[in-house]
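Letters A, B, ... are given to chains in the order of the sequence lines, protein chains preceding strands, and every chain is numbered from 1. All values derive from a computational prediction rather than experimental measurement. Just so it is clear, the values below take in all heavy atoms, side chains as well, and ignore hydrogens, waters and symmetry mates.
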Amino acid sequence: MPELPEVETIRQTLKQLVINKTISYVEVYWPNIIKHPDVETFKQLLENQAITDIKRRGKFLLFILNDYVLVSHLRMEGKYYIQQQDDSLNKHTHVIFTFTNGEQLRYNDVRKFGTMHVFKKGEETTNKPLNQLGPEPFDEQFTFNYFAQRLKRTRRNIKSILLDQTVVTGLGNIYVDETLFKAQVHPAKKGHSLTNEEINAIQTYMKETLNDAIKQGGTTIRSYVDGQGEMGMFQQDLYVYGKEGEACHYCGGEIVKLRISGRGTHVCRTCQKE
DNA sequence: TTGGGTGTTGAGTA
DNA sequence: ATACTCAACACCCA
């Protein structure tokens, strides 16, 4: 489900609902979600910890606690809800954080792909999974020179490069297709074949697209909702993702769906020359 | 009814 | 390095 704009929206909305609340205990119904440390330690470390902030790194949510950081990845369909202790349980709720005031932060995940790690504060940045991530799209470190260097030394196609979180972190299938369409670059083009103009366009439209999507509260394709259960509105602004068979906004040609690097990929063949 | 596809990412293999 | 397949899992739809 969630790429950078959706995770950022969840961060902003959920933060209001959990800030300064203290966890009294944690229940885990699907242990595979807990990747570090072991489940019992995980539960124990979080007891009596207050949530002081929620941050984001790429597609990860970081719940900042007094002494620890909970690193949470939603993968395809992870969602957080605030509910009351006596609210009925959903069958896809796998982790419950009960606060001292009786409210609960519930983690729902139909496909159970999501992950959670807990680290001592400060150690999260030097361990997997966060230590593998490349720069944020809006980082100063994400310069033209850095990006061009990463692209020009590889024969991989630009679609898979943009999905590679070690190059730049936060893009998934939707925003890669949207970015490449606006930049008018075909997703099958090899990194080393891109011109400076194309690289600059990709970088510029990547940031513009992500920014616009954050302003709209993210994209709701299937089931995405923010921390307060509200849908995002960016799907109204999609140009190619899920638009196969429709007319291209620029040239009127037909949007087609291809398979590139194993992923469904949407392009206008006229605007994005291979 | 069934098989392929879905917004993610890691491991294993060649 | 990279490309490819599979795996985790549940649901939807043609």
Side-chain angles (χ1 to χ4, degrees), chain A residues 1-10 28-36 56-61 71-80 90-95 107-117 127-134 149-181 187-193 209-210 213-214 216-226 231-235 237-245 256-266:
Chain A
M1 152 185 61
E3 306 177 36
L4 190 153
E6 290 74 39
V7 177
E8 176 60 20
T9 302
I10 293 167
V28 176
Y29 298 106
W30 191 259
N32 289 352
I33 288 173
I34 313 303
K35 302 300 183 187
H36 179 84
R56 181 190 58 72
R57 177 81 174 94
K59 304 177 192 174
F60 290 86
L61 284 171
V71 179
S72 169
H73 196 302
L74 277 17
R75 290 288 182 102
M76 301 286 264
E77 305 213 40
K79 296 173 193 64
Y80 281 103
N90 178 292
K91 70 170 178 175
H92 298 302
T93 298
H94 307 305
V95 183
Y107 179 71
N108 264 47
D109 191 340
V110 168
R111 295 177 71 181
K112 301 176 176 171
F113 285 178
T115 63
M116 294 186 192
H117 296 71
N127 284 283
K128 281 210 302 189
L130 297 188
N131 67 352
Q132 325 238 39
L133 300 180
Q149 218 174 42
R150 291 298 302 254
L151 295 181
K152 285 181 173 172
R153 72 183 191 207
T154 180
R155 307 184 62 82
R156 297 166 69 192
N157 63 55
I158 183 63
K159 168 105 185 184
S160 63
I161 298 172
L162 293 180
L163 288 171
D164 182 345
Q165 303 296 299
T166 70
V167 175
V168 57
T169 185
L171 301 195
N173 212 25
I174 296 178
Y175 295 106
V176 168
D177 284 4
E178 293 299 309
T179 295
L180 290 175
F181 171 74
K189 272 198 171 177
K190 309 285 187 191
H192 70 91
S193 77
T209 304
L210 294 172
I214 291 170
Q216 297 290 319
T219 302
T220 300
I221 293 297
R222 280 220 292 275
S223 62
Y224 165 77
V225 290
D226 70 19
M231 291 193 11
M233 286 295 135
F234 191 71
Q235 60 273 16
D237 297 339
L238 296 176
Y239 285 82
V240 287
Y241 185 86
K243 303 291 186 186
E244 55 268 33
V256 296
K257 185 173 180 182
L258 317 171
R259 186 152 296 266
I260 294 178
S261 294
R263 307 296 305 272
T265 301
H266 309 74

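Straight-line distance from the CD1 atom of Ile221(A) to the C1' atom of dC12(C): 15 Å, rounded to whole Å. Here the C1' atom of nucleotide dT8(B) and the CG atom of Leu61(A) are 15 Å apart, to the nearest Å. Taking atom CZ of residue Phe113(A) and atom P of nucleotide dG10(B), one finds them 13 Å apart after rounding to whole Å. Computed from coordinates, the Leu163(A) CG to dC4(C) C1' distance equals 15 Å when rounded to whole Å. Atom CG of Leu74(A) and atom P of dC9(C) are 18 Å apart (whole Å). Taking atom CD1 of residue Ile260(A) and atom P of nucleotide dC4(C), one finds them 12 Å apart after rounding to whole Å. Distance, Met116(A) CE to dA8(C) P: 20 Å, rounded to whole Å. What separates CD1 of Ile33(A) from P of dT9(B) is a distance of 16 Å, to the nearest Å.
Lys128(A) comes within 4.0 angstrom of the backbone, heavy atoms only, and of no base. Residue-level contact check: Lys257(A) touches the backbone only, with heavy atoms under 4.0 Å from sugar-phosphate atoms and none from bases. Residue Thr154(A) is in sugar-phosphate contact alone, with no base atom involved, counting any heavy-atom pair closer than 4.0 Å across all strands shown.
Rounded to whole Å, the P atom of dT8(B) lies 24 Å from the corresponding atom of dA1(C). Taking the P atom of each, dC9(C) and dT1(B) are spaced 25 Å apart, rounded to whole Å.
Between the side chain of Gln132(A) and the main chain of Thr166(A), no donor-acceptor pair closer than 3.5 Å is present. Side-chain atoms of Gln216(A) do not come within 3.5 Å of backbone N or O of Ala213(A) as any donor-acceptor pair.
Put simply, Arg259(A) has a side-chain N or O that comes within less than 4.0 Å of OP1 or OP2 on dT6(B). A close approach under 4.0 Å does occur between a side-chain nitrogen or oxygen of His92(A) and OP1 or OP2 of dC11(C). Put simply, Lys112(A) has no side-chain N or O that comes within less than 4.0 Å of OP1 or OP2 on dT9(B). In this structure, Lys35(A) does not reach the dG10(B) phosphate: none of its side-chain N or O atoms is under 4.0 Å from OP1 or OP2. Residue Gln165(A) has no polar side-chain atom (N or O) positioned under 4.0 Å from OP1 or OP2 of dT8(B). For the OP1/OP2 pair of dT8(B) and a distance below 4.0 Å, the side-chain nitrogens and oxygens of Arg263(A) include at least one atom meeting the criterion.
Distance from the side chain of Glu3(A) is smallest to dT8(B) among dT6(B), dT8(B), dA10(C). In the set dC11(C), dT8(B), dC9(C), the nucleotide with an atom closest to the side chain of Val110(A) is dC11(C).
There is no side-chain donor-acceptor pair under 3.5 Å between Lys159(A) and Ser261(A). Donor-acceptor pairing under 3.5 Å is lacking for the side chains of Ser72(A) and Tyr107(A).
Separating the OH atom in Tyr241(A) from the CG atom in Asn173(A) is a distance of 5.5 Å, to the nearest 0.5 Å.
Base pairing of dC9(C): no nucleotide in any strand meets the Watson-Crick or G-U wobble criterion (both distances under 3.5 Å).
Between Tyr175(A) and Leu162(A) the shortest side-chain heavy-atom distance does not fall below 4.5 Å.
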